[in-house]
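Proteins get letters first, then strands, A, B, ... in listed order; numbering begins at 1 in each.
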Amino acid sequence: MSAHVVYLEQLPSLFEKWKEKFKLFVPQKKGDYYLLQEYERGQEICFDYDVIYNPIKSFLFPSYETLLDFDLKTYASKPVVDAEPQILFGIHPYDIKAINQLDQLMEMGSVDVNYRARRDKTVIMGLEPLRVAKTAFWSFMDAEKVDFGFDLFWTKIGPSAFVVEVGSVLGEELLFVNGKVDVATAAEKEVARRKHQEIVKKAKMQNVLKFPNTDIPKVMAKSFNSYVWIEKSRKCLSCGSCNFICPTCYCFDIQDEVDDLLKKGKRYRTWDGCMLRSFASIAGGHNFRKQVFERYRHRYMRKGRYIYDLLGELGCVGCGRCIQSCPARIANPLEIFNFLWEDVSYEK
Amino acid sequence: MSKPKVAFFDFAGCEGDQLQIANLEERLLDIASHLEIVNFREVKTEQADNYDIAFIEGSITRPEDEKRLKKIRKQAKMLIAMGACATIGGINCLKNFLGKQEYTSLVYGPYARHYSTYATRPVRAVVPVDGEIHGCPIDKEEFVLVVKSLLLGKIYIPPDYPVCVECKKAGNICQLEQGRLCLGMITRAGCKATCISAGSVCWGCRGPVPGANLDAARQVIDEHGFSWLEAEDRFRLYLGYFLRLQGWVYEQETT
Ligand code: SF4
Ligand code: SF4
Ligand code: SF4
Ligand code: SF4
């Protein structure tokens, strides 16, 4: 699709216009961290953030979400689907890849109506990263670039100019709300291309995956009985941080709640995670993964193998959030993949 | 169905949990409309001895307490421990780390020998309990949830995962990551990570999560730059009773 040029000084008026119809979330600095928060007039936008602390999924699949209302007297119930139009501005490619993956997973079997409703009302505006998080390894996970999944994609090509690639009709409409903007010249597009190459090169210099990622599923298949699971999980607190912070983890639990008069109630869902102790418990007290090491292994198997078998792509986009947030510093897919690869290659 | 009669009793504690319930204000009227409250010091003066559900606040620290609690257990169809002192022994367990002579003379000075007192225990260590509402103080929403579950004939099961879960769901930036000593990773959730959301850290007031990996937590805390002693001091504040127990006993008690 087409590419245009937008100048920094045009942004505030674009944002004001968008805010008339959408909730607008932009990257903001908070202490040493970055969050995606609602835009207020005059607010500074952090274009050079390294990673948004919380996973973007929370905007499409919130940690608590009501699914239906019911009446305890009449047993009547009605679905609740509440989704507001929103723009997520400044999303890095690896996070867009994670959303693309959620889009597929949430449609498998039967469509998840609540997710779909939010997704349909969400505009994604991508942003070329200018910095790489210390723990990130997305450039090794086919997540440094996305061809779809955004309405607009922004690349900062200078102190006050952006090349904006159009990804959808709606994206183009939003870009032109204040009148048409200039088409990017060949030279400007070339600068954007070089910016991309530069950041990928930088990303490839750190946290290196030592083998082609296409071999990860094979390596994982051979590693089910590796001692690494027991060794590493000795320090695991079963806290689930690595699940909740992950942009591609999508498990949830469903619970009911009634009001104080015991007349009406609601059914809601809330995030669940495979690292939690009773995640795989079922009626009768049986638990499929009672041991910590079984749960620890399962998470890596999901990321490196099971999701691949399901969708043909890996379940990890290399954002590095789990590495950062694990209190025990044992949640590290890159380290595990490399270690197992060496282990498996040595055995041959 | 006649309304279940409810009574509140306190032992060694500060009655802060009854205060939390009184803080429900108008909502208390809705909840109370399903119950008959026969004994509640924070809002009522007259008391009765005929009740179905007993809420117990405070820990058991004296032989007299033990007798009184056993009597309540006999009368009540349901007995629910409420608040950290009652569910996990709470702060009162600090004295379990001192010799008896040491703590009695610390508190009562020359009158020490006139007071009967022994090592602090939670309610469940003395009589069987039908439910527990953790926290110091309890979370009033959780109290409401427990009462509603009772009324609907369901058993309320408190979360068996750590505070980190609710902390992540709340979208907080991890305190441990920012260099503060937080016990959320070994503490039972259910408070919606309220202290962390308010800018503080978790002190462990809801007690250890079932299966809490205390060895790992000690190692993790050490790697985050705190000394063994700092970790141990923090543990003792609320986890004292369990530090004094064999890990597996607790495992069996809670699962
Ligand atoms: S597994 Fe870790 S690095 Fe991979 S996508 Fe999830 S949070 Fe990011
Ligand atoms: S974040 Fe670390 S300690 Fe917590 S469940 Fe995951 S691997 Fe275990
Ligand atoms: S701040 Fe505390 S409770 Fe929250 S994630 Fe960090 S360790 Fe867990
Ligand atoms: S965050 Fe920790 S200290 Fe605070 S209420 Fe919850 S369990 Fe208690």
Side-chain angles (χ1 to χ4, degrees), chain A residues 30-37 52-55 58-59 62-65 72 232-246 249 252-253 255-263 265 270-273 275-279 281 285 287 290-292 321 324-330, chain B residues 24 26-34 141 144-145 147-154 157 159-179 181-187 189 192 209-224 254-255:
Chain A
K30 194 166 180 205
D32 295 334
Y33 299 87
Y34 303 96
L35 298 174
L36 199 67
Q37 284 186 320
I52 298 290
Y53 188 82
N54 287 313
S58 53
F59 291 89
S63 51
Y64 298 91
E65 180 173 36
L72 270 79
K232 284 270 172 192
S233 66
R234 288 180 64 204
K235 251 169 85 188
C236 180
L237 298 147
S238 302
C239 71
S241 291
C242 51
N243 289 135
F244 300 120
I245 208 79
C246 177
C249 274
F252 59 84
D253 189 19
Q255 280 162 14
D256 290 347
E257 201 175 84
V258 295
D259 69 3
D260 294 349
L261 292 168
L262 308 182
K263 287 200 172 122
T270 180
W271 292 352
D272 201 350
M275 296 302 287
L276 303 184
R277 188 166 188 262
S278 44
F279 178 80
S281 318
N287 189 337
K290 208 172 164 70
Q291 304 276 344
V292 183
R321 284 184 180 92
Q324 188 186 342
S325 71
C326 171
R329 298 179 180 144
I330 52 165
Chain B
L24 281 164
E26 315 94 76
R27 282 185 66 194
L28 189 55
L29 298 177
D30 284 346
I31 312 280
S33 68
H34 315 287
E141 294 302 325
V144 171
L145 208 61
V147 173
K148 287 192 288 198
S149 305
L150 281 175
L151 290 166
L152 293 170
K154 291 186 178 176
I157 303 168
D160 68 344
Y161 44 76
V163 174
C164 294
V165 171
E166 292 175 340
C167 189
K168 285 281 174 278
K169 288 182 189 178
N172 294 326
I173 295 173
C174 177
Q175 294 284 13
L176 194 70
E177 234 176 280
Q178 299 177 79
L181 180 47
C182 180
L183 293 192
M185 55 195 168
I186 46 167
T187 304
K192 302 268 188 290
V209 66
N213 189 345
L214 292 187
D215 288 339
R218 288 188 174 97
Q219 169 91 18
V220 166
I221 290 170
D222 179 81
E223 285 170 6
H224 281 263
T254 50
T255 47

> Would you call B/Asp215 and B/Arg218 a salt bridge, taking side-chain N to carboxylate O under 4.0 Å as the test?
yes
> Could you tell me which portion of B/Asn172 (side chain, backbone, both or neither) has an atom closer than 4.5 angstrom to a non-hydrogen atom of chain A?
backbone
> How about B/Glu177 and A/Tyr53: does a side-chain donor come under 3.5 Å of a side-chain acceptor?
yes
> If you count heavy-atom pairs under 4.5 Å with chain A, which of B/Lys169, B/Arg27, B/Met185 comes out on top?
B/Lys169
> Taking every non-hydrogen pair under 4.5 Å, which of A/Leu276, A/Ile245, A/Val292 racks up the most with chain B?
A/Leu276
> With a 4.5 angstrom heavy-atom cut-off, which part of A/Leu261 approaches chain B: side chain, backbone, both or neither?
both
> Name the option with the most non-hydrogen atom pairs under 4.5 Å to chain B; the candidates are A/Asn243, A/Asp259, A/Asp272.
A/Asp259
> Would a 4.5 Å heavy-atom cut-off, applied to side chains only, mark A/Leu237 and A/Pro327 as touching?
yes
> Do the side chain of B/His34 and the main chain of B/Lys148 share a donor and acceptor less than 3.5 angstrom apart?
no
> Going by the salt bridge (Lys or Arg N to Asp or Glu O under 4.0 Å) test, which pairs reach into residues 232-241 of chain A, not counting sequence neighbours?
A/Lys232-A/Glu335, A/Lys235-B/Glu223
> What residue, out of A/Pro55, A/Ser241, A/Ala328, A/Ser58, has the most heavy-atom pairs lying under 4.5 Å from chain B?
A/Ser241
> For B/Val165, which atoms come within 4.5 Å of any heavy atom of chain A: side chain, backbone, both, or neither?
both
> Under 4.5 Å heavy-atom distance to chain B, tell me which part of A/Asn54 shows up: side chain, backbone, both or neither.
side chain
> Can you tell me which portion of B/Ile186 sits under 4.5 Å from chain A's heavy atoms? Options are side chain, backbone, both or neither.
side chain
> Non-hydrogen atoms of chain B under 4.5 Å away: do they reach the side chain of A/Phe279, the backbone, both or neither?
neither
> Please identify, among B/Val147, B/Asp160, B/Val144, B/Leu214, the residue contributing the most non-hydrogen atom pairs under 4.5 Å to chain A.
B/Asp160
> Is the shortest side-chain heavy-atom distance between A/Arg321 and A/Ile52 below 4.5 Å?
yes
> Would you check if B/Leu183 and B/Ile221 make a side-chain contact, meaning some heavy-atom pair closer than 4.5 Å?
yes
> Look at atom CD1 of B/Ile157 and say whether more than 12 heavy atoms of other residues, nucleotides or ligands are closer to it than 6.0 Å.
no
